[in-house]
Amino acid sequence: MLRGDPASLAGQTIREVRRHGKFIVMDLSSGSVLTLHLGMTGKLLVNSGRTAYTRAGFQLDQGELVFEDLRTFGRIEISAALPDRVAALGPDALQVDADEFAARAKSRRSAIKPLLLNQRFLRGLGNIYADEALFGAGIHPRATASRLSVPRLRRLHDAIRQTLRQAIDAGGSSISDYVDADGVPGSFQERHQVYGRQGAPCPRCGGPIRRIVVAQRGTHFCPCCQKR
DNA sequence: CAGATCACCTGCTTGC
DNA sequence: TGCAAGCAGGTGATCT
């Protein structure tokens, strides 16, 4: 959960806070870097007080920055520079252009959904938004990436952007416990078209949404609207 | 090298 | 009621 020396943080100034895919990166005055990942259930809160799931606390001039994490899948790393494995992730889902996205996908023979979740292929997309984007593009989650036409891959690229933009606007998806830094839950779960809606009618064709398992992840899709 | 599988951890929900 | 199994916004080690 923690890598690096927490004592080295004492007295430092946070120069910048940025996002690298799903990682939160803080550049410190010494030039070293604090890298955090929220995992499944992590939260970063300010002056929230501590609970049984508080894994770390950072004393700032403004108060305590608290890292809560029920399932302990989150990570904190203190290092001289952005860790190699983080720096080596694929292009950001919101920054990659359609041509590059399509070209990268064309060279991969894996199923499209696990490819979208592979952070070395594309950074920043998770399980909910992979399902929602594939629905938006009308692509079956088990479709082979390299066999998808360039126009369909461009549509997928567009669907990823739209899905993420709308989700960000809605403050994210709060299924059970996600909240932002102010403790406020998101509302995008109310607009999920397929995720968590197995058995419910597809918003496009009215047929039942199905849940299958792809690469060990729960996967939700419309068998009628999403084709290989 | 890419892809599949499993491990990590805790709590909630479901079904017998 | 009680208990076991299944499920959950993710990564990363290890195997083929």
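Below, all heavy atoms of this structure are taken into account, side chains as well, without hydrogens, waters or symmetry copies. Because the structure is predicted, anything quoted here is derived from the model rather than measured. Throughout, protein chains are lettered first and strands after them, A, B, ... in sequence-line order, and every chain is numbered starting at 1.
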Q) Does Y129(A) belong to the same Ile/Leu/Val/Met/Phe/Trp/Tyr cluster as L94(A), with side-chain heavy atoms less than 4.5 Å apart forming each link? A)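 Cluster IDs for Y129(A) and L94(A) match.
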[N] [atom2] sits how many Å from [X] [atom1], rounded?
{"X": "D69(A)", "N": "dA8(C)", "atom1": "CG", "atom2": "P", "value": "18 Å"}
{"X": "R142(A)", "N": "dG3(B)", "atom1": "CZ", "atom2": "C1'", "value": "15 Å"}
{"X": "R217(A)", "N": "dT5(B)", "atom1": "CZ", "atom2": "C1'", "value": "14 Å"}
{"X": "Q216(A)", "N": "dG9(C)", "atom1": "CD", "atom2": "P", "value": "13 Å"}
{"X": "L117(A)", "N": "dA4(B)", "atom1": "CG", "atom2": "C1'", "value": "14 Å"}
{"X": "F23(A)", "N": "dT11(C)", "atom1": "CZ", "atom2": "C1'", "value": "7 Å"}
{"X": "N118(A)", "N": "dA4(B)", "atom1": "CG", "atom2": "C1'", "value": "12 Å"}
{"X": "H220(A)", "N": "dA8(C)", "atom1": "NE2", "atom2": "P", "value": "6 Å"}

Q | For dC15(C), the Watson-Crick or wobble counterpart (both distances under 3.5 Å) | A |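 Here dC15(C) is engaged in a pair, and the nucleotide opposite it is dG3(B).
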Q) If pairing requires Watson-Crick or G-U wobble contacts with both distances under 3.5 Å, which nucleotide is the partner of dC9(B)? A)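 For dC9(B), the partner nucleotide comes out as none, under the 3.5 Å rule.
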[X]/[Y] ion pair, N-O < 4.0 Å:
{"X": "R197(A)", "Y": "E132(A)", "answer": "no"}
{"X": "D180(A)", "Y": "K43(A)", "answer": "no"}
{"X": "R217(A)", "Y": "D131(A)", "answer": "no"}

Q) Is there a donor on the side chain of S176(A) or the base of dG9(C) sitting less than 3.5 Å from an acceptor on the other? A)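 Such a pair is found, so the answer is yes.
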Q. Can you find a donor-acceptor pair, distance only, under 3.5 Å between R108(A) side chain and dA2(B) base?
A.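 For R108(A), whose side chain was compared with the base of dA2(B), there is no donor-acceptor pair (under 3.5 Å).
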Are any of [X]'s side-chain N or O atoms less than 4.0 Å away from OP1 or OP2 of [N]?
{"X": "R71(A)", "N": "dC8(B)", "result": "no"}
{"X": "K22(A)", "N": "dG9(C)", "result": "no"}
{"X": "Q119(A)", "N": "dG10(C)", "result": "no"}
{"X": "Y195(A)", "N": "dG9(C)", "result": "yes"}
{"X": "H37(A)", "N": "dG10(C)", "result": "no"}

Side chain of [X] only, heavy atoms from C-beta on: which candidate in [options] is closest?
{"X": "R85(A)", "options": "dT11(C), dG12(C), dG9(C)", "value": "dG12(C)"}
{"X": "R211(A)", "options": "dG10(C), dT10(B), dC7(C)", "value": "dC7(C)"}
{"X": "T72(A)", "options": "dC6(B), dC9(B), dG9(C)", "value": "dC9(B)"}
{"X": "R109(A)", "options": "dC7(C), dG3(B), dC9(B)", "value": "dG3(B)"}
{"X": "N127(A)", "options": "dG9(C), dG12(C), dT11(C)", "value": "dG9(C)"}

Using the [atom1] atom as the point on both nucleotides, what is the distance between [M] and [N], in whole Å?
{"N": "dC9(B)", "M": "dA13(C)", "atom1": "P", "result": "15 Å"}
{"N": "dG9(C)", "M": "dT14(B)", "atom1": "P", "result": "16 Å"}
{"N": "dC6(B)", "M": "dC7(C)", "atom1": "P", "result": "14 Å"}

Do [X] and [Y] have side-chain atoms, one donor and one acceptor, less than 3.5 Å apart?
{"X": "S48(A)", "Y": "E68(A)", "result": "no"}
{"X": "D69(A)", "Y": "T41(A)", "result": "yes"}
{"X": "S32(A)", "Y": "S30(A)", "result": "yes"}

Q) Where does dG9(C) land, syn or anti, given syn is within 90° of 0? A)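 Base orientation: syn.
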(Q) Heavy atoms only, 4.0 Å cut-off, all strands: where does I175(A) land among base, sugar-phosphate and nothing? (A)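 Base, at least one base heavy atom under 4.0 Å.
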Q) Do we see F73(A) stacking on the base of dC9(B), given a limit of 5.5 Å between centres and 30° between planes? A)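 Answer is no, no stack.
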